[in-house]
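First the structure, in the form of structure tokens, and then the observations on it.
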2 protein chains.
Amino acid sequence: MSTAAITVPVTVNDHENCPATSMLRRAGDKWSVVILSVLERGTYGFNELDRSVEGLSRRMLTRTLRSLEGDGLISRTVHPGVPPRVDYALTELGRSFLEPVRALGLWALAHQSDLEAARTRNR
Amino acid sequence: MSTAAITVPVTVNDHENCPATSMLRRAGDKWSVVILSVLERGTYGFNELDRSVEGLSRRMLTRTLRSLEGDGLISRTVHPGVPPRVDYALTELGRSFLEPVRALGLWALAHQSDLEAARTRNR
DNA sequence: CTGGATCCGTGCCGATACTG
DNA sequence: CAGTATCGGCACGGATCCAG
């Protein structure tokens, strides 16, 4: 066996099935983090949420809420009656998820000037 | 002035221009984190990177590298000659960015069973 | 009030072929 | 080796209308 340098192949396989990838996607999703952040302040109804986020269409609100509920990040509680009422709230898992998300947001704020400088330089 | 409960309007405006949003998008981007992670191991050439990530097309590799360079997360160094050689490497900013990204990935791993349970329950 | 259904523009992304 | 150019499928996401 020679002692010559050996090139170790470093290949990334199947990264779409990595459990971390799906939550990175979640964090990068257009509306998820905004909705989760609003719900951090308390329980909201559907139209309350709709009015709380500028630019958010009802269609995407519905889809994002269903998706967040599917991941167990929020809870959905139906109160029958007239008018009907549905409450959305953070779960413990959702509240926990916001911690690393906020860490990433704080990183962005802390390095905002570096990023702006790089973007200007490479413009 | 009455002391009745006042509903404080909580509206999220202009979240597309939030500096944190762009980096959350970056983290959720399909290839950026994978490429940054590979570059954490050292300097790579273009085709080396291409071969290191399964499923990554040269087209998206080029686009992602340009984008990462634009944000100052990686550096691009051209070595003229035959054959030509271009080295890609993490910058300090890029290495720093991987910390909160990894924190989010670790969160996903730590809560993998919770997420899987929720997804099964809501199936 | 809380959605679902449909239409449709736009951009992401892979496949393929070509260049210096 | 290190890209560029072009085509095309498909999913994201907004607008609008309909329903319980």
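Because only heavy atoms are used, hydrogens play no part in the values below, and waters and symmetry mates are left out as well, while side chains stay in. A note on names: the letters A, B, ... follow the listed sequences, proteins ahead of strands, and every chain is numbered from 1.
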Report yes or no: does B/Thr64 contribute a side-chain atom to a donor-acceptor pair with the main-chain N or O of B/Met60 at less than 3.5 Å?
yes

Side chains of B/Trp107 and A/Met23, heavy atoms from C-beta outward: is any pair under 4.5 Å?
yes

To the nearest angstrom, the NE2-P distance between B/His79 and D/dG3 comes to 12 Å

Please encode protein proximity along nucleotides 11-20 of chain C as a string of B, S and -, counting only heavy-atom distances under 4.0 Å.
-SBBB-BB-B

Specify the separation, in whole Å, of atom CG of A/Leu61 and atom P of C/dA5.
16 Å

Ignoring backbone atoms, test whether B/Tyr88 places a side-chain nitrogen or oxygen under 4.0 Å from the OP1 or OP2 oxygen of D/dC1.
no

Counting heavy atoms from C-beta on, name the nucleotide in D/dA2, C/dT2, C/dG4 closest to the side chain of A/Arg76.
C/dT2

Side-chain (B/Asp50) to main-chain (B/Leu61) donor-acceptor, under 3.5 angstrom:
no

Has the side chain of B/Thr62 got a donor or acceptor atom that lies under 3.5 Å from a matching backbone atom of B/Arg58?
yes

Quick check: does any side chain N or O of A/Thr21 sit under 3.5 Å from a backbone N or O of A/His15, one acting as donor and the other as acceptor?
yes

When the rotation axes relating C1' atoms of four end pairs to the next four are compared across the helix from C/dC1-D/dG20 to C/dG20-D/dC1, five pairs an end, they differ to 10° by 40°

Using a 3.5 Å distance criterion without hydrogens, assess whether the side chain of A/Ser52 forms a donor-acceptor pair with backbone atoms of B/Thr11.
no

With distance as the sole test, does A/Thr43 use its side chain to make a donor-acceptor pair with the main-chain N or O of A/Asp87 at under 3.5 Å?
no

Please give, in whole Å, the distance from D/dG3 C1' to B/Leu65 CG?
11 Å

Please figure out whether B/Arg51 or B/Thr62 has its closest DNA chain D nucleotide nearer the 5' end.
B/Arg51

Strictly below 4.0 Å, N to O, side chains only: are A/Arg25 and A/Glu16 in salt-bridge contact?
yes

Please report the distance, rounded to the nearest Å, between CZ in A/Arg85 and P in C/dG3.
11 Å

5'-most contact on DNA chain C: A/Pro83 or A/Arg66, nearest heavy atom basis?
A/Pro83

Any B/Tyr44 side-chain nitrogen or oxygen under 4.0 Å from OP1 or OP2 of D/dC1
no

State whether the side chain of A/Thr120 and the backbone N or O of A/Glu116 hold a donor-acceptor pair below 3.5 Å, judged by distance alone.
yes

